[in-house]
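Protein chains get the first letters and strands the later ones, always in sequence-line order, with residue 1 at the start of each.
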Protein chains: 2
Amino acid sequence: MPNYSERGGSFPPGPNNARHAFLDETDRLIVRMLQADARTPNNAIAAAAGIAPSTCHGRIRSLQERGVIRGFHADVDPAAVGRGLQALIAIRLHAHARANLTEFENYLAGLPDVESIFFVTGDRDFLIHVAVADSAALRDLVAANLSLRPEVAGTNTTVIFEYVRPTERSPSA
Amino acid sequence: MPNYSERGGSFPPGPNNARHAFLDETDRLIVRMLQADARTPNNAIAAAAGIAPSTCHGRIRSLQERGVIRGFHADVDPAAVGRGLQALIAIRLHAHARANLTEFENYLAGLPDVESIFFVTGDRDFLIHVAVADSAALRDLVAANLSLRPEVAGTNTTVIFEYVRPTERSPSA
DNA sequence: AGTGAAAGAACCAATGG
DNA sequence: CCATTGGTTCTTTCACT
């Protein structure tokens with residue numbers, strides 16, 4: 001399946017090779033508006049920035065090419081899709097397993113309930129944010145998919161009462 | 001500034017009152033595709049789902065009205081906009097300050113460097129994910145904006161080496 | 001880089017199965 | 001609840017400044 005964010009063009013599919021982006025004030029405004037609402041019409045952004053729609057379009061494309069904008073995603077309420085329980089799970093690995101962290105990280109990324117993965121300093125190696133159906137699903141996730149893994153030395157689960165992403169709830173940034 | 005995700009219509013601007021989220025297989029496919037790439041054309045989603053474009057469009061609108069899809073946002077690389085250092089900060093509040101958590105949470109949400117806020121169980125009250133320019137900015141954030149707050153009993157900062165959101169890097173889900 | 005104009009695509013409401 | 005149609009708006013490319 002093609003990626004339609006890139007439908008018009010042929011810019012690098014990879015994460016990015018970007019030389020460090022120099023964003024002027026116009027670029028920053030565009031980024032802010034698209035962060036607040038990815039469906040803001042190009043027209044409207046152009047008007048807000050005081051430039052022509054075609055110019056604005058070109059800048060947005062450039063921002064994607066440079067990796068400043070990595071993609072556009074729908075923000076889906078986990079509870080609405082049957083995942084009403086969220087948790088943070090701290091994971092400590094065995095010392096010998098730290099050689100190939102990438103492999104374990106890919107494994108985590110492949111688990112369907114994982115929302116995000118933090119690879120961190122300190123006494124824990126990973127912290128993952130998960131959204132599951134209920135406490136039974138959480139137990140199963142920890143017991144079957146984490147604790148049983150040979151590289152996992154231990155886990156520590158914290159239930160999330162509320163989760164907020166400020167940028168995602170202020171459409172008029 | 002208007003919210004252009006709602007340009008055509010008049011559905012509730014609030015978070016949502018919707019209880020009824022019965023998603024059939026078609027709805028789930030739509031949600032998955034828009035989660036992977038919010039700019040997937042309506043036509044393409046309709047084709048993938050085997051329904052007419054107008055029907056598909058109506059379903060997407062309905063999903064927004066019901067609060068299943070909360071919005072569409074550009075995924076911006078923090079490092080590309082001058083915020084190359086990410087951290088997790090655990091915050092413990094004084095017992096007497098737990099009366100109005102919402103106020104403190106709104107305060108956190110208003111800090112420009114805060115990416116997300118977790119209100120959690122356990123010995124910590126909040127865990128916030130921040131993206132800042134450098135370690136000096138991180139120090140200032142913790143010292144000036146958190147530790148000095150009267151309701152804050154203590155903080156614990158963990159630097160993030162890597163942060164991944166699995167759904168956001170698989171455009172062809 | 002920025003612009004204007006024109007072709008193509010997507011959106012949205014109304015209508016009918 | 002779903003499909004078809006048609007008017008309107010947005011996107012995207014291109015020749016030019």
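Residue B:Arg39 contributes atom CZ, which lies 17 Å from atom P of C:dA9 at whole-angstrom precision. Rounding to whole angstrom units, CZ of residue B:Arg61 and P of D:dC2 are separated by 17 Å. The interatomic distance linking B:Phe72 (CZ) with C:dA10 (C1') rounds to 14 Å, in whole Å. Computed from coordinates, the A:Gln64 CD to D:dT11 C1' distance equals 13 Å when rounded to whole Å. Rounded to whole Å, the distance from CG on A:Asp27 to P on C:dA1 is 11 Å. Computed from coordinates, the A:Glu65 CD to C:dA1 C1' distance equals 14 Å when rounded to whole Å. In this structure, CG of B:Asn43 is placed 7 Å from P of C:dC11, rounded to the nearest angstrom. Atom CG of A:Asp24 and atom C1' of C:dG2 are 13 Å apart (whole Å).
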What side-chain donor-acceptor pairs closer than 3.5 Å can you find for residues 44-59 of chain A, not counting sequence neighbours?
residue	atom	partner	partner atom	Å
A:Arg59	NH1	A:Asp24	OD1	3.0
A:Arg59	NH1	A:Asp24	OD2	3.0
A:Arg59	NH1	A:Asp27	OD1	3.0
A:Arg59	NH1	A:Asp27	OD2	3.4
A:Arg59	NH2	A:Asp24	OD2	3.1

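Between the side chain of B:Ser147 and the main chain of B:Val142, a donor-acceptor pair closer than 3.5 Å is present. Of the possible donor and acceptor atoms, one in the side chain of B:Asp134 sits under 3.5 Å from a partner among the backbone N and O of B:Ala136.
Counting only Watson-Crick and G-U wobble pairs whose two key distances fall under 3.5 Å, DNA chain D forms stems of three or more stacked pairs at C:2-17 with D:1-16.
For the pair A:His57 and D:dT12, the criterion of a side-chain N or O lying under 4.0 Å from OP1 or OP2 is met. The phosphate of D:dC2 has OP1 or OP2 within less than 4.0 Å of a side-chain N or O from B:Arg59. Between A:Asn42 and D:dC10 there is no side-chain polar atom (N or O) within less than 4.0 angstrom of OP1 or OP2.
Side chains of A:Arg139 and A:Ser135: a donor-acceptor N/O pair is absent below 3.5 angstrom, by distance only.
Closest to the A:Thr55 side chain, of the nucleotides D:dA3, C:dT3, D:dT11, is C:dT3.
Here the side chains of B:Glu105 and B:Phe126 are in contact, with some heavy-atom distance below 4.5 Å.
Take B:His129 and apply the ring-ring contact (aromatic ring centres under 6.0 Å, His included) test, not counting sequence neighbours, and it matches A:Phe118, B:Tyr163.
In this model, no side-chain donor or acceptor of B:Ser54 finds a partner on the base of D:dT5 within 3.5 Å.
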Query raised in the report: Taking it one step at a time, do B:Glu151 and B:Arg92 satisfy salt bridge (Lys or Arg N to Asp or Glu O under 4.0 Å)?
Result: CA-CA 9 Å; B:Glu151 57 268 68; B:Arg92 202 177 61 254; over 6 Å; no
